[in-house]
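Working notes for the structure below.
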Amino acid sequence: MPELSHGRRLLVLAICCMSLLIVSLDNTVLNVALPALQRDFHASTSGLQWTIDAYTLVLASLLMLAGSTADRIGRRRVFMAGLVVFTLGSVLCSLAPDLSWLVVFRMVQAVGGSMLNPVAMSIITNTFTDPRERARAIGAWGAVVGISMAAGPLVGGLLVESVGWRSIFWINLPVGLAALLLTWRLVPESRAPKARRPDPVGQLLVIVLFGSLTYAIIEAPHASLRVTAPFAAVALIALLALLYYEPRRREPLIDLRFFRSAPFSGATVIAVSAFAALGGFLFLSTLYLQNVRGLSALDAGLWMLPMAVPTFLCAPLSGRLVGSRGPRLPLLIAGTAMTVSGLLFALFEAETSNTTLFLGYVLFGVGFGFVNAPITNTAVSGMPTAQAGVASAVASTSRQLGQALGVAVIGAVLAAGVGSSSYAEAFVTAARPGWWILAGCGLAVLAVGALTSGRWARGTAERTAERLESTEMRRSAGVSA
């Protein structure tokens, strides 16, 4: 790829950040609109869960495929295709006649979204070749997630209150079209020198595993065991098949050798736990604020700012701590804050008092703000440079999978506890097991973060990197010969 001027590189970064903003904003904005969707479509709790999980599941399933495809056929080409599909999906979502079609159109959105974030990161990495410039660019990229967290509830509440829930999808149209035009004009094409081979069997197994597991969890409170048990069995079979098949491929979709590195395994568990807590926290908070307290969408968005603002403020601080002192301290802070937040709701019914509700939101925001930066850093620490992109993609997939599972599990617990009662009558009691689960997720972040960020863990990462590099050298020698 030709060397670009400083101004052109900044424009490329801005375009990539625009794509991340609309993909990230779409999830937080939609959470505020859930009660409006429930009223308009007479949706059940499981129906609301699917509007969130249809999106995150498809993202989780296709992120690695989209990244490897872009390396093979061209990053700009795949990025532009993703913008087209995502924008089209957004328009279709705004026109959805019922909940089933909205779920389908959310999946279309996610297909486009899967082509944006991993490909944009590859474009940034190849555009900013100087290590310091690249670090600043990735820092700006990461800050966009914090912006979406802070702006999402407020923007969503304002749009739902003034125009209606369909308007939350309209904002993607001008941003998507502008990003598409700017990408066509300003972003140069690039490909990987040696792209990974496709792994269709592994990709299919991942889709079956994620989809069947989530379906079994979401539908468990409503359907009989005879309906959900086959999906749970299919998920188990897909997992076993994945564990058997992937190590036997020369270039697998998921290289299971990565998990010999304690930091990498820890980052995967932390990503799933932290984002499961986020998905469940947003789901419970939105339904509580609007369906129990009777707040408007805008007021509910304002109430969630005590969570969003600390996330925005703590994310760059966490990044600096990771750079100067490593991931251990940010992970300990994150795990402690998220655990205490969950316990406030589980033990002291924080919803029943404005003071404890505010404090619970602040603590969760602090915890989530500190957890995101160390995940990618821990995942790629010690990995060979050639494998860092794949390791980062697995971490991103773990984030999306965690959020999908969080919504599925917490929503299922809430649905089982509420039963035929109204949210207003039974919410606090029905949600208590969910808050215990979220506190457990925070405790997992704390324990795994402490365990996998020490000297012993770094040693496993170094040994794993040596084995991976040795294997790649032998393969390259074999190809050359």
*Are the side chain of Ser94 and the backbone of Val91 linked by a donor-acceptor contact shorter than 3.5 Å?*
yes
*Which salt bridge (Lys or Arg N to Asp or Glu O under 4.0 Å) pairs, counting each pair once, include a residue from residues 79-92, with sequence neighbours left out?*
none
*Are the side chains of Glu351 and Phe345 in touch, meaning some heavy atoms are under 4.5 Å apart?*
yes
*For residues Pro433 and Val413, report the shortest heavy-atom separation together with the two atoms involved.*
CB-CG1, 3.6 Å
*Does Phe259 offer a backbone N or O that forms a donor-acceptor pair with the side chain of Ser265 under 3.5 Å?*
yes
*State which residues pass ring pair (Phe, Tyr, Trp, His ring centres under 6.0 Å) with Trp101; sequence neighbours excluded, sorted by chain then number.*
Phe105
*Donor-acceptor contact below 3.5 Å, side chain Thr311 vs main chain Met307*: yes
*asked:* I need the full list of salt bridge (Lys or Arg N to Asp or Glu O under 4.0 Å) pairs touching residues 431-448, with sequence neighbours left out, sorted by first then second residue.
replied: Glu349-Arg432
*Would you sort out whether Leu438 and Phe364 count as a side-chain contact (heavy atoms from CB on, under 4.5 Å), showing the intermediate values?*
CA-CA 10 Å; Leu438 297 188; Phe364 189 88; 5.6 Å; no
*What's the shortest heavy-atom distance between Ser453 and Pro327, and which atoms?*
CB-CG, 4.5 Å
*For Ile22 and Phe86, what are the C-alpha separation, side-chain angles and deciding distance, and is it a side-chain contact (heavy atoms from CB on, under 4.5 Å)?*
CA-CA 9 Å; Ile22 57 176; Phe86 186 85; 3.7 Å; yes
*Could you tell me whether a side-chain N or O of Gln109 sits under 3.5 Å from a main-chain N or O of Val23, the two making a donor and an acceptor?*
no
*Atom CD1 of Ile270 and atom OG1 of Thr452: how far apart are they, to the nearest 0.5 Å?*
4.5 Å
*With a 4.5 Å limit on heavy-atom distance, are the side chains of Ile375 and Phe275 in contact?*
yes
_Distance check, rounded to the nearest 0.5 Å: Thr56 atom OG1 versus Leu405 atom CG?_
8.5 Å
*asked:* Tell me if a side-chain donor or acceptor on Glu246 pairs with a main-chain N or O of Pro252 at a distance below 3.5 Å.
replied: no
*Evaluate the side-chain contact (heavy atoms from CB on, under 4.5 Å) criterion for residues Val234 and Tyr215: first the C-alpha distance (whole Å), next the side-chain angles of each, then the deciding distance (0.1 Å), finally the verdict.*
CA-CA 11 Å; Val234 168; Tyr215 182 90; over 6 Å; no
*Find out whether Gln290 and Leu34 are in side-chain contact, i.e. whether some heavy atom of one side chain is under 4.5 Å from a heavy atom of the other.*
no
*Begin with the C-alpha distance, continue with both residues' side-chain angles, and end with the deciding distance and a verdict on side-chain contact (heavy atoms from CB on, under 4.5 Å) for Leu102 and Phe169.*
CA-CA 11 Å; Leu102 178 60; Phe169 297 106; 4.2 Å; yes
*Taking Ser341 for the side chain and Ala337 for the main chain, is one N or O donor matched with an acceptor at less than 3.5 Å?*
no
*Check whether any side-chain heavy atom of Leu443 sits under 4.5 Å from a side-chain heavy atom of Leu446, and report yes or no.*
yes
*Heavy-atom distance under 4.5 Å between the side chains of Phe283 and Val409, does that happen here?*
no
*Mind checking the CG-CG spacing from Asn31 to Leu37? Nearest 0.5 Å is all I need.*
10.5 Å
*asked:* By the definition side chain to side chain contact (heavy atoms under 4.5 Å, CB included), identify the one residue from Arg106, Gln403, Met107, Gln400 that meets it with Tyr55.
replied: Arg106
*Would Trp435 and Phe281 count as a close aromatic pair, with their ring centres under 6.0 Å?*
yes
*Under 3.5 Å, side chain of Arg328 to main-chain N/O of Ala450, donor-acceptor pair present?*
yes
*Between CZ of Phe368 and CG of Leu278, what distance do you get to the nearest 0.5 Å?*
4.5 Å
*Indicate the atoms forming the closest heavy-atom contact of Gly411 with Thr45, along with that distance.*
O-CG2, 3.7 Å
*Is there side-chain contact between Ile168 and Val155, with heavy atoms separated by less than 4.5 Å?*
no
_Counting C-beta onward and ignoring hydrogens, is there a side-chain heavy-atom pair between Asn291 and Phe427 closer than 4.5 Å?_
no
*Counting distance only, does the side-chain N/O of Thr339 pair as donor-acceptor with the main-chain N or O of Gly442 below 3.5 Å?*
yes
_From CG (Leu59) to CE (Met115), nearest 0.5 Å_ = 11.0 Å
*asked:* Between Gln49 (side chain only) and Val407 (backbone N and O only), is there a donor and an acceptor less than 3.5 Å apart?
replied: yes
_Counterpart residues, side chain to side chain donor-acceptor pair (under 3.5 Å), relative to Ser46 (two or more places apart)_ = Ser44
*Considering only heavy atoms from C-beta outward, does the side chain of Leu414 approach that of Leu287 to under 4.5 Å?*
yes
*Between Ser318 and Gly369, which heavy-atom pair has the shortest distance, and what is it?*
CB-O, 3.9 Å
*Between the main-chain N or O of Cys16 and the side-chain N or O of Ser19, is there a donor-acceptor pair closer than 3.5 Å?*
yes
*asked:* Show the nearest heavy-atom pair for residues Leu209 and Ser212, with the distance to one decimal.
replied: O-OG, 3.5 Å
*Could you verify whether a donor N or O on one side chain and an acceptor N or O on the other, from Trp50 and Glu219, lie under 3.5 Å apart?*
yes
_Set of side chain to side chain donor-acceptor pair (under 3.5 Å) partners for Arg166, sequence neighbours left out_ = none
*At what distance, to the nearest 0.5 angstrom, does CD1 of Ile410 lie from CD1 of Ile217?*
10.5 Å
*Name all residues meeting the side chain to side chain donor-acceptor pair (under 3.5 Å) criterion together with Asp40; count only those two or more places apart in sequence or in a different chain, and write none if there are none.*
Trp165
*Determine the minimum heavy-atom distance between Thr87 and Gly176, stating which atoms define it.*
OG1-CA, 3.5 Å
